[in-house]
Enquirer: 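For reference, the structure I am asking about is given below.
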Amino acid sequence: MKYYLTTPIYYVNAAPHIGHAYTTIAADTIRRFKRMQGYHAILATGTDEHGQKVERSARAAGKSPEEFTTVIANEFRAQWDRLGLAVDRFMRTTDPRHAAKVRELLERCHANGYIYKGSYTGQYCMFDELYVNEAKPGDPCPECGRLTETVTEENYFFKLSAFADRLLELYEKQPDFIQPEIRRNEVLAFVRQGLSDLSISRTTIKWGIPFPLGENHVFYVWFDALTTYMSAVEGEGLWPADLHLIGKEILRFHAVFWPAFLMAAGWELPRKIFAHGWLLFENDKMSKSRGNIVRATPIQEVMGVDALRYFLLREVPFGSDGSFSYDALVGRYNSDLANGLGNLVSRTLSMIQQYREGVIPAGEADAGIGETAAQVIPAVLAAFERFEFHRGLESLWTLLSAADKYIVEQAPWKIARHNEPEMRARLDATLYTAAEVCRVATALLAPLLPQSCAKIWRQLGMSAPLEDVRLDELAWGQLPAAQRIGEVAAVFPRIEAAPAVARMRELEVKETERQAALLGKAAPSQEASPAEEPDGRIGIEDFARVDMRVGLVKSAERVKGADKLMHMMVDIGEPEPRSIVAGIALAYSPEQLVGRKVVVVANLQPRKLRGIPSNGMIVAASLENGAPVLAGFLEDVPVGARLK
RNA sequence: GCCGGCGUAGCUCAGCCGGUUAGAGCGACGGUCUCAUAAUCCGUAGGUCGCAGGUUCGAGUCCUGCCGCCGGCACCA
């Protein structure tokens with residue numbers, strides 16, 4: 001039985017960080033879990049390498065797109081290697097075999113009548129050479145702040161609108177197609193609103209797969225990226241995928257677009273899409289602008305990959321957002337792995353060493369512990385099957401605690417002082433039971449903590465390789481007696497938090513620098529390379545065209561029916577105050593605004609927002625995911641003063 | 001604004017179709033053992049179960065309203 005699963009293909013515009021690692025670690029765990037159940041499990045990942053942003057990043061790094069994408073793709077590959085993640089297939093969207101599959105998808109959709117030529121009108125930024133999807137006429141580009149232009153281009157479209165009913169039927173018939181449930185509900189709500197057709201080609205992009213139906217057209221991201229899941233295993237009989245593991249931010253593409261494409265092509269649909277949550281850093285979103293991105297490798301170096309794997313899968317309910325922090329990482333490690341599993345193994349083996357010359361005695365396994373194990377084993381397997389790793393682990397740890405307690409109750413160190421046959425038998429039973437718990441736990445944990453469990457396995461003296469253990473056949477009492485244990489050494493040595501965290505932070509800085517260099521951003525920023533051609537600079541006359549004035553907010557009220565909109569009357573030194581609507585209602589209350597001096601762009605095209613005329617724009621700093629912050633003055637300035 | 005979710009011990013969370021004294025893990029404190037990685041084990045921690053009403057013999061557990069947080073959509077000049 002095959003089990004084919006995928007991670008998203010990662011966009012090469014950024015170097016791998018812990019978020020990528022999170023998804024891939026989870027995928028690796030599932031792959032190992034399936035393998036240990038006898039499946040021929042194949043994990044595919046890869047890199048998404050086309051598009052405007054990549055082209056620009058390559059240019060900024062002084063490389064051709066081919067060179068640049070190869071460097072970053074290799075960085076991803078190296079990352080998975082280094083973290084010991086067993087990736088079976090790695091597909092790059094620049095691979096010719098992939099392009100062939102993309103064309104095939106298009107041809108089939110076309111033949112079935114789902115592709116048509118139309119025109120796409122959108123706001124386009126000439127400097128960044130990209131469409132700003134969300135923008136309206138007159139909007140600035142979010143990348144560079146320049147005004148976008150309304151551009152109409154000939155495009156090919158996919159008739160997504162024709163699939164709404166079939167998609168809803170799919171979600172209905174296969175309730176677990178999208179998981180977790182919350183995500184399913186979101187998709188349902190989205191599709192029920194009706195779908196509009198999707199533009200799938202571009203003439204404004206050069207760096208992409210040529211679009212066979214039209215000259216100068218290139219495939220836009222959808223057909224290109226998603227098809228990787230098929231091209232990665234082309235000709236292997238692995239399609240359909242059993243699982244697409246994704247982050248929640250790309251749910252719609254996978255749960256709506258992708259199945260629709262496949263329906264249109266008459267190909268089989270993936271069986272399940274699971275969207276996990278985001279990894280926050282101490283409850284903040286990780287982002288470049290916040291400078292709080294964490295990489296996996298420093299953690300690996302200081303604490304080992306398994307520490308990270310354990311943390312991610314134990315601390316964060318898979319599917320929900322989770323919070324990463326170094327303190328929590330070390331805390332989890334010490335309490336669960338060092339004091340828990342590691343110590344249990346250590347005390348068990350050391351007693352076998354001391355009291356039985358390193359040979360696991362034939363003893364009768366304790367019935368009470370056996371009963372606990374008989375409950376725990378299926379519970380853990382069932383939880384893993386549902387990808388509820390944190391619950392599975394929680395459950396498994398009850399067995400470990402029970403074993404620790406049992407050992408204390410039996411007090412083998414006391415029994416060992418006696419030599420009567422019944423005492424010897426009791427000691428044998430105790431040691432055998434403890435060792436059997438270690439064996440069962442190690443087998444169950446092998447998919448999650450492959451490296452550490454392999455060590456424990458050897459220490460237990462098991463001869464067959466750990467990965468060959470069949471979890472679906474795992475049962476209490478299978479530990480063969482009379483086997484000699486291996487050399488004992490701490491698998492999870494206790495870690496002192498402060499120095500470990502300091503060390504990880506230090507390595508993190510280095511890793512950030514190394515990755516920046518890779519992306520070509522190390523060249524001490526753009527200013528140092530003035531040799532660049534049209535560098536986006538403008539002359540003073542261009543700036544002078546923007547009329548910015550100091551304004552005084554006379555009144556402010558929230559716009560009904562719009563969370564973000566604030567309607568203000570602003571005095572900018574004209575006879576009448578101006579009516580201005582701005583998206584700052586989430587960050588400021590009307591009371592905070594009235595009487596405040598703000599910067600107004602006075603010569604913008606007037607617009608209506610929610611029916612209210614807006615005659616100007618309030619200048620504010622806008623953070624990637626944060627609230628806007630109004631520009632202001634430290635000194636007092638007269639209303640109407642021009643900024644220049 | 002619409003839709004969905006959440007708000008339970010210091011922290012992270014369990015608590016299914018309503019039913020005896022509201023649970024777990026971690027942390028903290030006290031104690032114990034000595035096989036073990038200053039580990040283990042035992043005990044303690046007294047949380048208005050967001051707030052206010054309601055239904056019921058009985059409500060974290062159902063209903064309504066409110067407050068706060070999160071997400072999706074609309075939307076953000």
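Naming: A, B, ... by sequence-line order, numbering from 1 per chain. Hydrogens, waters and symmetry mates play no part in the numbers below; they use all other heavy atoms, side chains included.
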Enquirer: Verify the contact: side-chain N or O of A:Gln354 to OP1 or OP2 of B:A36, cut-off strictly under 4.0 Å; return yes or no.
Expert: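 So the side-chain polar atoms of A:Gln354 do come within 4.0 Å of the phosphate oxygens OP1 or OP2 of B:A36, strictly under.
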Enquirer: Between atom CD in A:Glu394 and atom P in B:U12, what is the gap in whole Å?
Expert: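 Nearest whole value for this atom pair: 16 Å.
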Enquirer: With a non-hydrogen cut-off below 4.0 angstrom, is A:Gln193 in contact with a base, only sugar-phosphate, or nothing?
Expert: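 Answer is sugar-phosphate: A:Gln193 comes under 4.0 Å of backbone atoms only.
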Enquirer: Expressed in angstrom and rounded to an integer, what is the separation of A:Arg494 atom CZ from B:A39 atom P?
Expert: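 Computing the A:Arg494:CZ to B:A39:P distance gives 4 Å.
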Enquirer: Give none if B:A59 has no partner; otherwise give the nucleotide forming a Watson-Crick or G-U wobble pair with it, both distances under 3.5 Å.
Expert: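 Per the H-bond distance test, none.
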Enquirer: Can a side chain N or O of A:Arg391 be found less than 4.0 Å away from OP1 or OP2 on B:G15?
Expert: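 Affirmative; the distance criterion is met.
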Enquirer: For B:C73 and A:Arg252 - does any side-chain N or O of the residue sit under 4.0 Å from the phosphate oxygens OP1/OP2?
Expert: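 Indeed, a polar side-chain atom of A:Arg252 lies that close.
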Enquirer: Considering Watson-Crick and G-U wobble pairs with both distances under 3.5 Å, what does B:A39 pair with?
Expert: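 With both distances under 3.5 Å required, B:A39 matches none.
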Enquirer: Tell me what A:Val491 touches on the nucleic acid: a base, only sugar-phosphate, or nothing, going by heavy atoms under 4.0 Å.
Expert: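 Answer is base: heavy atoms of A:Val491 come under 4.0 Å of a base.
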Enquirer: Could you identify the nucleotide paired to B:U20, looking across every strand shown and requiring Watson-Crick or G-U wobble geometry with both distances under 3.5 Å?
Expert: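 Base partner found: none.
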Enquirer: Report yes or no: do A:Ser452 and A:Asp306 form a side-chain donor-acceptor pair below 3.5 Å?
Expert: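 Side-chain D/A pair, A:Ser452 to A:Asp306: present.
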Enquirer: Closest nucleotide of RNA chain B for A:Tyr355 versus for A:Ala402: which of these residues is on the 5' side?
Expert: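 Looking at RNA chain B, the more 5' nearest nucleotide goes with A:Tyr355.
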Enquirer: Could you tell me the separation between the CG atom of A:Asn339 and the P atom of B:U34, rounded to a whole number of Å?
Expert: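 In whole Å, B:U34 P and A:Asn339 CG are 20 Å from each other.
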Enquirer: Between C1' on B:A24 and CG on A:Asp336, what's the gap in Å once rounded to a whole number?
Expert: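 Result: 13 Å.
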Enquirer: Tell me: CZ of A:Arg183 to P of B:G4, nearest whole Å?
Expert: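 Spelled out: CZ on A:Arg183 to P on B:G4 is 15 Å.
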Enquirer: Under 4.0 Å between a side-chain nitrogen and a carboxylate oxygen: does that hold for A:Asp176 and A:Arg184?
Expert: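 No salt bridge links A:Asp176 with A:Arg184.
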Enquirer: Please report the distance, rounded to the nearest Å, between CG in A:Leu400 and P in B:G25.
Expert: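 Rounded to the whole Å, the gap is 13 Å.
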Enquirer: So, A:Gln354 versus A:Trp413: side-chain donor-acceptor pair below 3.5 Å or not?
Expert: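 The criterion, which ignores hydrogens and geometry beyond distance, is not satisfied for A:Trp413 and A:Gln354.
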Enquirer: Could you please name the option among B:C33, B:C41, B:U37 that lies closest to any side-chain atom of A:Trp413?
Expert: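 Given the options B:C33, B:C41, B:U37, the side chain of A:Trp413 is closest to B:C33.
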Enquirer: Scan A:Phe389, A:Tyr22, A:Phe324 and name whichever one has a ring-ring contact (aromatic ring centres under 6.0 Å, His included) with A:Phe311.
Expert: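 Exactly one pass, corresponding to A:Phe324.
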Enquirer: Could you give the OH-to-P distance, from A:Tyr310 to B:U12, as a whole number of Å?
Expert: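 My rounded result for the distance is 18 Å.
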Enquirer: Which base, if any, makes a Watson-Crick or G-U wobble pair with B:G7, both distances under 3.5 Å?
Expert: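 In the structure as shown, B:G7 has B:C67 as its Watson-Crick or wobble partner.
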Enquirer: Taking atom P of B:C13 as reference, at what distance in whole Å does atom CG of A:Asp321 sit?
Expert: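 Taking CG of A:Asp321 and P of B:C13, I get 11 Å after rounding.
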